[in-house]
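The structure appears right after this line, and notes come after that.
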Protein chains: 2
Amino acid sequence: MSDKTVPDKPPADTLVDPGQQARWFNRVREAHQAETAEDYVELIADLIEAQGEARVVDLANRFGVSHATVNKVIVRLNREGLVSNQPYRSLFLTESGKGLARRCKERHRVVLDFLLALGIAPATAEADAEGVEHHVSEETLAAFRHFIVKQNQK
Amino acid sequence: MSDKTVPDKPPADTLVDPGQQARWFNRVREAHQAETAEDYVELIADLIEAQGEARVVDLANRFGVSHATVNKVIVRLNREGLVSNQPYRSLFLTESGKGLARRCKERHRVVLDFLLALGIAPATAEADAEGVEHHVSEETLAAFRHFIVKQNQK
DNA sequence: TTCAAATTGTTGCCAAGGCTAAACATTGTT
DNA sequence: AACAATGTTTAGCCTTGGCAACAATTTGAA
């Protein structure tokens with residue numbers, strides 16, 4: 001195949017290094033692993049703040065899934081030390097869960113404000129932020145903050 | 001606990017409508033459903049363009065997963081009419097797969113160029129784009145394009 | 001107090017996407 | 001032609017996060 005005088009395959013310099021690309025995809029997979037946990041602690045924190053408590057039923061409603069699904073996830077988060085709960089009682093965050101929630105809410109706010117500053121309609125911005133927030137690096141987040149500040153100065 | 005004269009629960013007007021929130025999360029879940037398919041057709045198209053063919057081994061290397069995993073996904077994509085393949089032969093995209101790949105590559109390019117225009121370092125921009133691209137709406141994509149144009153005019 | 005409604009928990013099912021190990025096919029070399 | 005190396009597929013297992021159906025508990029109202 002490669003003993004011809006004229007190469008029939010173009011040089012592959014349009015493709016990035018395989019190892020590099022693999023690391024990127026790995027990072028996305030890890031982010032996705034963490035997504036559920038982040039969404040749950042974020043919403044639990046919001047519910048506790050706004051309503052005084054977070055119940056399984058509320059989470060199921062707001063995520064749009066069955067209560068059985070919520071329950072299963074809660075068991076995992078409990079195992080991972082993010083949520084503490086007693087049978088038939090409402091949900092609480094551990095210290096570690098509270099920390100994660102705080103960081104996630106801050107990141108969510110930055111992404112949302114950024115999209116709004118860019119001129120996106122509020123409903124779209126909210127929807128996009130929900131998906132995007134889990135995939136922005138610290139560097140990009142810093143650039144978002146910078147853009148928001150600049151935009152507000154105009 | 002709640003038999004006080006003063007209500008200890010603040011009004012919940014800081015929370016958005018549950019149905020609305022459920023739709024947002026649903027959209028994210030659907031996006032995630034499509035992510036794998038999009039990443040695969042995108043990479044298959046890139047490989048065919050750059051090397052003349054896309055093989056299971058290449059995909060496994062570039063995604064950073066085992067070849068068995070790639071094979072299983074390919075079977076699904078075949079079932080869904082995006083990829084056509086013969087046993088022990090390299091992979092091809094169907095017309096529908098080609099269309100999806102084209103749209104994904106275009107979207108990827110916009111997200112990447114946007115992050116670069118924002119001043120993000122190339123390596124970070126690539127990594128973030130890989131995760132973000134699946135979660136931006138058409139409206140946000142349009143805003144990204146607009147920003148790129150404005151930035152280039154400076 | 002008793003009982004029905006609401007809430008929470010459990011069980012068993014499914015698909016997706018990870019993995020390893022082993023079987024199978026193709027290809028190039030000797 | 002035979003064989004070794006390379007590439008592909010299959011089989012079996014795991015975890016996550018969906019679901020429905022049923023069991024259990026709590027709570028509010030009669």
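Below, chain A is the first sequence line, B the second, and so on; all start at residue 1.
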Mind telling me whether [Y] and [X] have parallel, tilted or perpendicular rings, with 30° and 60° as the class edges?
X      : Y      : result
A:H32  : B:H32  : parallel
A:H135 : B:H135 : parallel
A:F144 : A:F114 : parallel

OP1 or OP2 of [N] less than 4.0 angstrom from a side-chain nitrogen or oxygen of [X], does that happen here?
X     : N      : value
B:R79 : C:dA16 : yes
B:T69 : C:dG17 : no
A:S66 : D:dG18 : no
B:R76 : C:dG17 : yes

From [options], nucleotide with atom closest to [X] side chain:
X     : options                : result
B:N71 : D:dG18, D:dA21, D:dT8  : D:dT8
B:V73 : D:dT25, C:dG17, D:dT10 : C:dG17
B:R89 : C:dT7, C:dG18, C:dT27  : C:dT27

Using atom [atom1] of [X] as one end and atom [atom2] of [N] as the other, report the distance to the nearest whole Å.
X     : N      : atom1 : atom2 : value
A:K72 : D:dT16 : NZ    : P     : 10 Å
B:N61 : D:dG7  : CG    : C1'   : 12 Å
B:L82 : C:dA16 : CG    : C1'   : 15 Å
B:Q33 : C:dC14 : CD    : P     : 17 Å
B:Q51 : D:dG7  : CD    : P     : 12 Å
B:F92 : D:dT8  : CZ    : C1'   : 15 Å
B:N85 : D:dT8  : CG    : P     : 11 Å
B:R55 : D:dG7  : CZ    : P     : 5 Å

> Taking all non-hydrogen atoms of both residues, which atom of A:G81 and which atom of A:S96 are closest, and how far apart?
Replying inline: O-OG, 3.7 Å
> Between the base of C:dT7 and the side chain of A:H67, is there a donor-acceptor distance below 3.5 Å?
Replying inline: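 For A:H67, whose side chain was compared with the base of C:dT7, there is no donor-acceptor pair (under 3.5 Å).
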>> Both A:A68 and B:A54 contact DNA chain D. Which one's nearest nucleotide lies toward the 5' end?
In response: B:A54
> Judged by atom type as modelled, is there a donor-acceptor pair below 3.5 Å linking the side chain of A:S84 to the main-chain atoms of A:L93?
Replying inline: no
